[in-house]
Amino acid sequence: MKVLCVAEKPSIAKEVTSVLSGGRSTRRDSRSKYNANFDFKFTFPGHGLCDVTMTSVTGHITSMDFPAEYAWGRVPPGRLLDAPVKIQPDKSKLAIHQNIANEARSANYLMIWTDCDREGEAIGYEILEAAKKGNTRLSLSSVWRPHFSHLEKNHILSAARNPQNLNMKTVEAVHCRQEVDLRVGASFTRLLTDILRRSKLVDEIVSYGTCQFPTLGFVVDRYKRVKNFVPEKFWYISTSVEKSNQTVSFSWAKTHFFDRLFVVMLYEECMKSTHGTIKGVTRKPTSNFKPFPLTTVSLQKDCATYFKMSAKEALDAAEKLYQSGWISYPRTETDMFPPEMDLRSIIQTHTQDSRWGHYATSLMTVDGKYGIPRKGRNNDKSHPPIHPVKYVNLETITNDKQRKVYEYVVRRFLACCSTDAKGFQTVAELQWGNETFRASGLEVTEKNYLDVYTYRTWSSTEQLPPFVAGERVNLKSAEVKEGKTSPPNHMTETELIALMDANGIGTDATIAEHIHKIEQRSYITKKKTGKSHIILPTELGMGLIEAFSSISFANNISLSKPFLRKRLESLLKEIEEGRATKEFSLRETISLYKNAFALTAEEQSVLVNEFKKFQT
DNA sequence: GCAAGGTC
């Protein structure tokens, strides 16, 4: 009996081989440089000792496109919304196709070790199709699909012994997404480019993508809110009390009002009292929570905030560290560690470090220092949270960004295995006339995780003097003050990533690319202002979004807001759950875009005029 | 020459 195993990436092929073979495998080069073949023996329940070959692909190996006669310029762009599409081998992946066909020749079963997520299921189907080219006896019923979410030995063994079927509903969902993205992307890109070139407004390609435009929309939206912001004045009562040679400011429980006279009236009422009274003093334990286990999105947000790296730079650096075998797979949505993972042995390897070794040792040896990591709400069932895999001395990492990211991943991991920081918060409540005011002080007593997670600060404030309940106090100052509302800040990379994540625009693996793409297209630009890096729309980007909003589409849809993409996501879920068919979902979605396309083409003079308003 | 999704 012969079984051909295929993993989504070379690293998984290697790891799974080492588990299943118990370290006894033979490596053969394949036609594809990075995708080696491994031969070994393994006992599958009900099939006895089998000859196994393990190989790999590198992600998707086919892509969807239009036939050559639908190339740019040969048909009106609108035709692409219902032109035929074909799935074909990626030109750059032909060696991989050949290798799989070759290795499948004598196989009785095909075992698909791709990631257990939506795209992984589709890649599995692509692998089956490639294998059939070399072995026509293979079909869906000869596919074994192990379900695994990490590479721990017993987990992999049990996945290998209990394979499921390939889930064709999931595959259909992916094909639906591919078709929508291709049809909509290609048709609108050609239309926009044609319109704007004809009007001599733009030379370059003006691309439209179901993820690109909502991303650009977020940036434009924020920019407009900042620009159109009008500050508003407000008034409040400000008081302070002197005690033990210390001046304590109290803030008004009602914060502020936009009506000056009203505040003055309340103030004058207070002024009838010559003194204030401390109504109560509370001292409560408080905590500063350690971070959740690390996901891709969180890594990118933090690298933007702490190191001013772009999402792409952070992911690229993490990818290199992963390829070196120093950190785990960097594309994950999971923020909970699998219960069987041996966290302590990872901590142990870091006790030798000159920077955090002492801290790691304390987690291992001091009672109460180690804390079970928090469990987040997300689990992609494919990859564990990002964590260090191998100890590396920081001095040996020559690339500046990689060094920062490695140190961050380690410190984040150690922080996850720590206890929360602890302290006490004291709140004093002051009554003056009919009004209440509060002052608070924080005393940090145990820094715990903050000792290793040095990116965050949480420190004691000046302590309150010893107020006691019922105490009469004289006000040192009491006056009505004026303030004004401040504008929202410009968009940062951190916030943009968070918005995309929350709105389902892109995936952990692609969010960085979408931002990069619209920067390449000159729709947005990044600017350094003082300490922070902000993202602004360009005239081109502004023009595009505003031009689209000048057209009112049927059903109130918007081509630059996240709702259509979200809708597609929920349709995909319905396909996966068998509540909708691929054909139905495609028809629904494409017909929405068809209407929008027709209207855009019809109203192109409106579009061009609106676009012009934003060009200098 | 267009998309978004994998991954090197």
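Per chain, numbering begins at 1; letters A, B, ... match sequence-line order. These figures come from a predicted structure and were not determined experimentally.
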Residues A/Arg403 and A/Thr398: side-chain donor-acceptor under 3.5 angstrom
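No, because no side-chain N or O of A/Arg403 sits under 3.5 Å from a partner of the opposite role on A/Thr398.
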
Would you please say whether a donor-acceptor pair under 3.5 Å links the side chains of A/Thr53 and A/Asp39?
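Note: A/Thr53 and A/Asp39 side chains meet the donor-acceptor criterion.
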
So does [X] get a side-chain nitrogen or oxygen closer than 4.0 Å to the phosphate oxygens (OP1/OP2) of [N]?
X	N	answer
A/Arg183	B/dA3	no
A/Gln178	B/dA3	no
A/Ser207	B/dA3	yes
A/Arg565	B/dG5	yes
A/His514	B/dG5	yes

For [X], report the nucleic acid contact type (base, sugar-phosphate, nothing); a contact means any heavy atom under 4.0 Å.
X	result
A/Asp316	nothing
A/Arg118	nothing
A/Thr114	nothing
A/Tyr208	sugar-phosphate
A/Gly59	base
A/Gly120	nothing
A/Glu513	base
A/Pro10	sugar-phosphate
A/Arg74	nothing

A/Arg118, A/Glu577, A/Glu119, A/His175 screened by side chain to side chain contact (heavy atoms under 4.5 Å, CB included) with A/Thr170, the one that passes
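Single pass found, and it is A/Arg118.
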
Less than 4.0 angstrom from a charged side-chain N to a carboxylate O is my criterion; do A/Asp181 and A/Arg565 meet it?
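Yes, A/Asp181 and A/Arg565 are salt-bridged.
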
Do the non-hydrogen side-chain atoms of A/Val202 and A/Phe611 ever get within less than 4.5 Å of each other?
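They are in contact (side-chain heavy atoms under 4.5 Å apart), so the answer is yes.
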
Nearest-Å distance for atom pair [atom1]/[atom2], residues [X] and [N]:
X	N	atom1	atom2	result
A/Asp65	B/dA4	CG	P	14 Å
A/Ile123	B/dG5	CD1	P	13 Å
A/Leu572	B/dA3	CG	P	19 Å

